[in-house]
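Remember, it's 1-based here, ligands and their atoms both numbered in the order they're listed.
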Amino acid sequence: MATLLDVGCGWGSLSLYIAKKYSNCRITGICNSTTQKAFIEEQCREHQLKNVEIIVADISTLEMVASYDRIFSIEMFEHMKNYKDLLQKISKWMKQDSLLFVHHFCHKAFAYHFEHINEDDWITRYFFTGGTMPAANLLLHFQQSQIRSYQDWLANGKHYAQTSEAWLKRMDENMALIKPIIESTYGKDQAIKWTVCWRTFFIAVAELFGYNNGEEWMVALFLFKKK
Ligand SMILES: C[S@@+](CC[C@H](N)C(=O)[O-])C[C@H]1O[C@@H](n2cnc3c(N)ncnc32)[C@H](O)[C@@H]1O
């Protein structure tokens, strides 16, 4: 049975997709939220999936002895620092013929910290606390004795801009369903504020990644293997 690790699995979209499509794979997801774990486990029960295991841990401090055939990380590296340590840690979970696929958004040239300096920086505060905007080639600087990238791609930012616009449209179309979720998550008195925050977030992402015809901020994808 092939073993897969989904690092930063979030609400499990990739883990669940693979689990449903490839019943001969065993998938382990790592997330830092018990709510995400509970949601994924509920989905597994609903779809009778027995090949998913979710670990709740902070990846920066997690130590585990394990190895996987394929490792994925989709949009988690933006929440991280210390890429050398992170890649080294993940590489220890790879066998000699394992592959690591990393997807992160990026700026074409500059890496910068998401900094929370004042009230205006609420997107950093609420969505990317302690995170980083990587540069397109940032991870290549942290290749080391253990692993190297043998393929990498850049996807034009307009794709991500369209995704964010689709999220916004979906939110607006489903407001009646979303309102009680927002109220129970943030409190009734904060519901309007948070509805506006989420809408503004989607609009800001669409504008950022659509800027300069999608050639400024974009998505970087890497396939690493062991040296
Ligand atoms: C932008 S979401 C991406 C989720 C998923 N990979 C996807 O594509 O839908 C980032 C996820 O990374 C995970 N994450 C963020 N910081 C983490 C940390 N320090 N340790 C473990 N997981 C973390 C959380 O599960 C969070 O939902």
Side-chain angles (χ1 to χ4, degrees), residues 4-21 25 27-44 47 49 52-64 66 68 70-93 99-107 113-114 116 122-134 138-139 153 155 157 159-168 170-171 181 185 194 197-198 201-202 204-206 208-209 217-224:
L4 278 73
L5 180 67
D6 183 3
V7 186
C9 64
W11 300 95
S13 28
L14 179 64
S15 293
L16 291 166
Y17 174 83
I18 294 172
K20 282 178 204 161
K21 200 168 161 75
C25 289
I27 300 113
T28 304
I30 301 174
C31 63
N32 59 352
S33 149
T34 49
T35 319
Q36 289 179 335
K37 177 181 162 85
F39 175 81
I40 297 169
E41 288 177 347
E42 190 188 308
Q43 291 290 306
C44 288
H47 297 277
L49 301 170
V52 180
E53 180 200 6
I54 301 299
I55 297 169
V56 178
D58 179 351
I59 186 76
S60 57
T61 52
L62 172 68
E63 296 295 338
M64 68 174 183
Y68 300 90
R70 298 287 183 270
I71 303 182
F72 301 88
S73 188
I74 313 292
E75 296 216 345
M76 190 209 64
F77 276 54
E78 300 87 330
H79 296 270
M80 299 286 125
K81 306 280 184 201
N82 301 321
Y83 293 108
K84 184 175 173 214
D85 290 352
L86 181 61
L87 283 175
Q88 196 162 34
K89 174 173 289 191
I90 295 175
S91 73
K92 288 187 185 147
W93 300 330
L99 297 173
L100 163 65
F101 178 78
V102 178
H103 162 136
H104 65 67
F105 59 63
C106 62
H107 182 265
H113 298 297
F114 290 125
H116 178 214
W122 59 269
I123 289 189
T124 291
R125 185 164 72 248
Y126 295 132
F127 294 86
F128 292 105
T129 321
T132 307
M133 172 65 76
L138 185 68
L139 294 187
W153 306 264
H159 296 290
Y160 199 26
Q162 282 173 27
T163 300
S164 203
E165 273 164 12
W167 284 334
L168 177 64
R170 212 166 159 197
M171 178 173 175
I181 300 172
T185 306
W194 276 97
C197 283
W198 275 104
F201 174 70
F202 294 140
V205 168
L208 189 76
F209 286 87
W217 283 273
M218 51 196 69
V219 173
L221 310 108
F222 301 88
L223 201 51
F224 290 94

Worksheet item: Any idea how Phe201 and Phe128 line up, ring-wise: parallel (<30°), tilted (30 to 60°), or perpendicular (>60°)?
Response: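 Tilted.
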Worksheet item: Using the ring of each side chain (for Trp, its six-membered ring), is Phe101 parallel, tilted or perpendicular to Trp153, with breaks at 30° and 60°?
Response: tilted
Residue, atom name and distance, where the atom is the protein heavy atom closest to [atom]:
{"atom": "atom 12 (O) of ligand 1", "value": "Met76 CG, 3.4 Å"}
{"atom": "atom 25 (O) of ligand 1", "value": "Gln36 OE1, 2.7 Å"}
{"atom": "atom 13 (C) of ligand 1", "value": "Gly8 CA, 3.6 Å"}
{"atom": "atom 2 (S) of ligand 1", "value": "Glu75 O, 3.9 Å"}

Polar atom proximity, [X] to ligand 1 (N or O, under 3.5 Å):
{"X": "Ile59", "value": "yes"}
{"X": "Ser13", "value": "yes"}
{"X": "Asn32", "value": "yes"}
{"X": "Ser60", "value": "no"}

Practice prompt. Compute the minimum heavy-atom distance from Ser33 to ligand 1 and say whether it is under 4.0 Å.
Written response: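 Outside the 4.0 Å threshold, so no.
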Worksheet entry | Side-chain donor-acceptor pair present, Tyr160, Glu75, cut-off under 3.5 Å | yes
Worksheet item: Counting only heavy atoms not in Lys84, do more than 12 fall under 6.0 Å of its NZ?
Response: no
Worksheet entry | More than 12 heavy atoms of other groups within 6.0 Å of Arg125 CZ |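 Yes, enclosed.
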Subset of ligand 1 atoms that lie under 4.0 Å from at least one heavy atom of [X]:
{"X": "Ile74", "result": "3 (C), 5 (C), 6 (N), 8 (O)"}
{"X": "Asp58", "result": "18 (C), 19 (N), 20 (N)"}
{"X": "Ala57", "result": "20 (N), 21 (C)"}
{"X": "Met80", "result": "16 (N), 17 (C), 18 (C), 19 (N)"}

Practice prompt. Calculate, to the nearest 0.5 Å, the distance between atoms CE and CD1 belonging to Met76 and Ile59 respectively.
Written response: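 The distance works out to 5.5 Å.
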Worksheet item: side chain to side chain contact (heavy atoms under 4.5 Å, CB included) with Cys9: which of Val52, Ile40, Ile55?
Response: Ile40
Worksheet entry | Residue pair Met133 / Phe114: nearest heavy atoms and the distance that separates them |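 Taking every non-hydrogen atom into account, N-CE1, 3.7 Å.
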Item to complete: Using the ring pair (Phe, Tyr, Trp, His ring centres under 6.0 Å) rule, take Tyr68 and Trp93 through it: C-alpha gap first, then chi angles, then the decisive distance, then the call.
Response: CA-CA 6 Å; Tyr68 300 90; Trp93 300 330; 7.1 Å; no
